[in-house]
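Counting convention: from 1, in listed order, for ligands and their atoms alike.
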Amino acid sequence: MNTVTVNASKAYDIHIGPGLLPAIGQHAKALGGAGMVCIVSDSAVYPFYGQIVKDSLESAGFTVVSYVFPQGEESKNGTVFLDLLNFLAENKLTRSDLLVALGGGVVGDLAGFAAACFLRGIRFIQAPTTLLAAVDSSVGGKTAIDLPAGKNLAGTFYQPSLVLCDTDTLNTLPEDTFRDGCAEVIKYGVLYDSQLFAHLEERGLEFYREAVITRCVQLKRDVVNQDEFDTGARMKLNLGHTIGHGIEAKSGFSVSHGKAVAIGIAIVSRAARCPDAQRIIALLDRFGLPTATGYSAEDLYRYTLSDKKRSGNLVNLIIPNAIGDCAIVPTQVELLKPFIEAGL
Ligand code: NAD
Ligand code: GLY
């Protein structure tokens with residue numbers, strides 16, 4: 001097991017390794033104070049891991065209740081969120097009790113937001129079960145639900161008390177969902193770490209999971225320690241995301257987040273004439289991720305303009321100078337369309 005410690009407004013450990021879920025009860029007990037735990041999970045994850053987590057928590061002396069909602073992004077909404085809050089109230093959880101978010105980014109974002117709001121804040125544990133959640137969404141305290149007007153439009157920064165990343169859970173992940181997470185792993189290599197990038201080139205999908213997840217989490221930890229509230233350095237984590245969000249939205253969310261980000265990374269690498277663009281695109285290809293889109297620059301420009309990260313007339317583009325070296329470049333919106341066109 002590897003442990004990485006975040007030191008933001010709150011300090012917490014992230015444990016990464018195989019076989020961790022059966023020990024979650026002991027880890028929860030070590031946090032102290034709680035008598036009751038609510039496991040929050042989705043309909044695909046709970047049948048695999050719900051009972052293991054429940055048994056472990058009960059063996060450690062907790063009273064356990066479970067809230068399970070239908071899998072998928074469609075559930076990350078206000079209705080499920082309120083229903084979860086009511087469930088916590090009906091089961092009389094108190095301020096010293098705990099939530100466990102058992103699942104991918106959808107479960108983590110929704111449960112984290114509920115933990116932030118219930119009784120003005122109760123503690124929660126992130127137990128990520130997708131590669132994306134392991135390397136990205138379970139770390140750093142961004143919590144959210146979607147609104148009809150767009151993704152992640154209601155949320156808070158609210159750090160977990162512990163992240164328990166059991167790498168065995170990735171064995172049941174559909175291959176396509178695993179590949180989606182790989183786009184975020186490649187992103188860390190392009191942003192910060194040429195050695196990580198080279199390891200991915202060498203091993204492809206057979207990369208050393210525990211070591212690679214740990215490296216990505218260390219990189220995210222460093223960013224979160226430096227810029228917890230996303231006003232500077234943390235923006236770099238949006239590499240490929242501004243154009244990627246445009247692709248997701250234009251497709252009516254039929255193109256997954258990971259694939260849209262992969263296309264976004266390829267487009268900015270080409271448009272910025274990054275000397276390593278061909279290597280970046282070849283690695284995305286090697287992981288079976290797309291690197292081009294049939295949408296026009298006009299289409300992507302229109303959707304990109306509604307990105308929530310736009311500030312006035314400026315969009316912060318994350319531009320790769322080389323593998324392991326990227327810059328935040330505030331770009332006037334008028335220049336965005338020709339930029340996208342150059343990268344298609
Ligand atoms: P997800 O949570 O929807 O999981 C993908 C699918 O895999 C779901 O159907 C889920 O039921 C299933 N699944 C999960 N773990 C499984 C397992 N071990 N075995 C079998 N099936 C499993 O999607 P995701 O890609 O993990 O997360 C995407 C979400 O994360 C989006 O809502 C996005 O906005 C959010 N996100 C948040 C942050 C953040 O910093 N908070 C960062 C990136 C993304
Ligand atoms: N996923 C982007 C962030 O945590 O800032």
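Considering every non-hydrogen atom in both M235 and D230, the closest pair reads N-OD1, 3.5 Å.
A heavy-atom cutoff of 4.0 Å around ligand 1 is satisfied by the protein residues D42, A44, V45, F48, Y49, Q71, E73, K76, G104, G105, V106, D109, T129, T130, L132, D136, S137, K142, K151, N152, T169, T172, L173, P174, T177, K220.
Near L237, the atoms of ligand 2 lying under 4.0 angstrom from a non-hydrogen atom of the residue are 3 (C), 5 (O).
A centroid separation of less than 6.0 Å is found between the aromatic rings of F81 and F113. Taking the ring centroids of H245 and Y303, they lie at or beyond the 6.0 Å cut-off.
The structure places CG of L173 at 9.5 Å from CZ of F48, a figure rounded to the nearest 0.5 Å.
The aromatic rings of H15 and H27 sit tilted relative to each other, their planes meeting at an angle between 30° and 60°.
The closest side-chain heavy-atom distance from I186 to L284 is below 4.5 Å.
Note on E298 versus R302: salt bridge recorded, some NZ/NE/NH1/NH2 to OD/OE distance being below 4.0 Å.
Geometrically, K54 does not engage Y46 in a cation-pi contact defined by less than 6.0 Å to the ring centre and at most 45° from the axis.
By the 3.5 Å distance cut-off applied to N or O atoms, D230 is not counted among the residues near ligand 2.
The closest protein non-hydrogen atom to atom 4 (O) of ligand 2 is K220 NZ, 2.5 Å.
Selection from V135, V223, D136 by nearest heavy atom to atom 1 (N) of ligand 2 gives D136.
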